[in-house]
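Below: the structure, in structure tokens.
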Amino acid sequence: MGSTFRHKHLFMFHKFWDANSDGVLTWDDFRLLAEKYTKIQRRGKLEKDVFERWKTIFDKWWNELTDHADFNKDTIVEFDEWLKFFSNLGASTKCHKELPEFLQTYLHLFFQCMDSNKDGLFCLKDYKKYLTNYNMDINRAQECFMYMLNNDDIANGNAMTSDRFRELVYDYWVSKDPNSQGKYICGPFDSALLDELEKMKGTK
């Protein structure tokens with residue numbers, strides 16, 4: 001299994017899912033993510049009824065993730081299990097529409113968050129805002145964004161539709177090609193040092 005595949009999944013593991021930064025995924029991470037999206041929806045407020053709705057969603061996601069990725073059934077998803085999960089997806093699926101339901105729902109939510117001006121398209125301005133929100137380097141934003149565009153995106157004013165965006169995230173998730181077109185969709189992960197990411201990875 002190539003180091004690039006491992007590297008980008010370490011990056012994603014820590015940037016998006018390991019909410020409490022302890023190096024493994026547990027229900028606590030998903031509860032914190034429910035809080036995060038409650039505050040996003042309610043502009044900083046943790047309203048109980050909204051939180052309960054998000055918690056129900058993330059509880060379902062957690063159960064689906066552990067069903068697919070908790071190979072030793074200890075209710076913890078360690079990084080090597082996470083990596084095996086995406087490697088298996090690459091072997092068993094051909095497009096984002098074949099992904100498990102919780103990942104398809106995540107892709108929908110991910111695009112909604114990325115489309116900052118809510119015009120139904122993902123453009124360079126949206127990409128820069130996303131990188132800024134996650135404290136990622138924006139110096140290469142234009143280079144990375146243009147790398148991902150195909151002819152249809154260029155004809156669309158250098159912007160991606162929702163379906164095209166999901167296609168690139170799927171590519172990022174499953175491709176082991178270091179030059180795959182979706183390599184930058186979650187950010188310029190190759191600017192993050194692999195040894196630093198490895199030090200963050202934990203076990204329980």
Side-chain angles (χ1 to χ4, degrees), residues 1 5-93 95-115 130 133-136 162 165-166 168-175 182 185-187 189 197-204:
M1 190 169 294
F5 186 75
R6 182 178 182 84
H7 189 178
K8 67 184 180 182
H9 285 283
L10 267 173
F11 176 86
M12 184 174 65
F13 187 87
H14 293 298
K15 281 290 182 184
F16 302 109
W17 298 86
D18 185 15
N20 63 10
S21 302
D22 66 353
V24 296
L25 298 186
T26 64
W27 163 243
D28 187 56
D29 294 301
F30 283 63
R31 179 187 59 78
L32 291 171
L33 288 169
E35 289 186 8
K36 173 184 174 180
Y37 283 99
T38 300
K39 291 178 180 178
I40 289 174
Q41 182 179 346
R42 303 308 299 163
R43 298 182 179 181
K45 296 180 181 179
L46 187 61
E47 296 181 2
K48 184 177 179 180
D49 58 336
V50 179
F51 171 64
E52 289 300 325
R53 288 197 295 270
W54 277 111
K55 195 166 72 168
T56 298
I57 292 170
F58 277 95
D59 182 60
K60 183 178 180 181
W61 288 14
W62 172 244
N63 288 333
E64 287 195 51
L65 177 64
T66 52
D67 184 53
H68 287 89
D70 181 20
F71 295 98
N72 64 3
K73 303 303 177 186
D74 62 354
T75 67
I76 296 169
V77 178
E78 297 178 353
F79 178 70
D80 286 343
E81 291 178 311
W82 171 266
L83 197 70
K84 183 178 178 181
F85 168 54
F86 282 100
S87 183
N88 288 349
L89 282 180
S92 62
T93 64
C95 66
H96 67 82
K97 295 177 182 178
E98 297 179 359
L99 290 169
E101 181 182 351
F102 82 101
L103 287 181
Q104 293 195 45
T105 305
Y106 174 78
L107 284 177
H108 173 75
L109 178 61
F110 193 17
F111 180 79
Q112 294 293 104
C113 292
M114 294 285 249
D115 178 20
Y130 154 74
N133 288 342
Y134 277 94
N135 298 313
M136 288 188 265
S162 172
F165 174 83
R166 297 177 201 206
L168 288 176
V169 178
Y170 172 79
D171 178 75
Y172 176 87
W173 280 347
V174 305
S175 176
I185 196 68
C186 291
F189 74 89
L197 289 170
E198 288 283 359
K199 289 176 183 177
M200 295 170 65
K201 182 169 64 68
T203 58
K204 285 189 175 181

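What you see below is based on every heavy atom in this structure, not just the backbone, and it leaves out hydrogens, waters and symmetry mates. We count residues from 1, following the sequence as given.
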Kindly say whether [Y] contributes a backbone atom to a donor-acceptor pair with the side chain of [X] at under 3.5 angstrom?
{"X": "His14", "Y": "Gly23", "result": "no"}
{"X": "Asp29", "Y": "Asn20", "result": "yes"}
{"X": "Asp18", "Y": "Phe13", "result": "no"}

With rounding to the nearest 0.5 angstrom, report the [atom1] to [atom2] distance, [X] to [Y].
{"X": "Leu25", "Y": "Glu81", "atom1": "CG", "atom2": "CD", "result": "9.5 Å"}
{"X": "Lys15", "Y": "Phe189", "atom1": "NZ", "atom2": "CZ", "result": "13.5 Å"}
{"X": "Leu107", "Y": "Leu168", "atom1": "CG", "atom2": "CG", "result": "11.0 Å"}
{"X": "Leu65", "Y": "Phe85", "atom1": "CG", "atom2": "CZ", "result": "6.0 Å"}
{"X": "Thr93", "Y": "Asn88", "atom1": "OG1", "atom2": "CG", "result": "10.0 Å"}
{"X": "Trp61", "Y": "Tyr106", "atom1": "CH2", "atom2": "OH", "result": "7.5 Å"}

**Asked** Just wondering, more than 12 heavy atoms not from Lys73 lying within 6.0 Å of its NZ?
**Response**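 Enclosed.
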**Request:** Mind checking side chain to side chain contact (heavy atoms under 4.5 Å, CB included) for Lys45 and listing every partner two or more places apart, or none if nothing turns up?
**Result:** Arg42, Glu47
**Prompt:** According to the interplanar angle, ranging from 0 to 90°, do the rings of His68 and Phe102 count as parallel (below 30°), tilted (30 to 60°) or perpendicular (above 60°)?
**Reply:** tilted
**Request:** Fit a plane to each ring of Phe86 and Trp173, take the angle between them on a 0 to 90° scale, and name the class: parallel (under 30°), tilted (30 to 60°) or perpendicular (over 60°).
**Result:**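 Taking Trp173 first and then Phe86, their aromatic rings sit tilted (interplane angle of 30° to 60°).
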**Request:** Could you check if a side-chain atom of Pro100 sits within less than 4.5 angstrom of a side-chain atom of Leu89, using non-hydrogen atoms only?
**Result:** yes
**Request:** I would like to know whether Lys48 and Glu52 meet salt bridge (charged side-chain N to carboxylate O under 4.0 Å, His left out); could you show each step before the answer?
**Result:** CA-CA 6 Å; Lys48 184 177 179 180; Glu52 289 300 325; 5.9 Å; no
**Request:** Report the residues that fulfil ring-ring contact (aromatic ring centres under 6.0 Å, His included) with Tyr130, sequence neighbours left out, ordered by chain and then residue number.
**Result:** Tyr134
**Message:** Applying salt bridge (charged side-chain N to carboxylate O under 4.0 Å, His left out), can you list everything that pairs with Asp59, at least two apart in sequence or on another chain?
**Reply:**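 For Asp59, no residue satisfies salt bridge (charged side-chain N to carboxylate O under 4.0 Å, His left out) once neighbours in sequence are set aside.
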**Request:** Using the ring of Tyr172 (Phe, Tyr or Trp, six-membered ring only), decide whether Lys8 places NZ or CZ under 6.0 Å from its centre and within 45 degrees of its axis.
**Result:**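 Ring-cation test returns yes.
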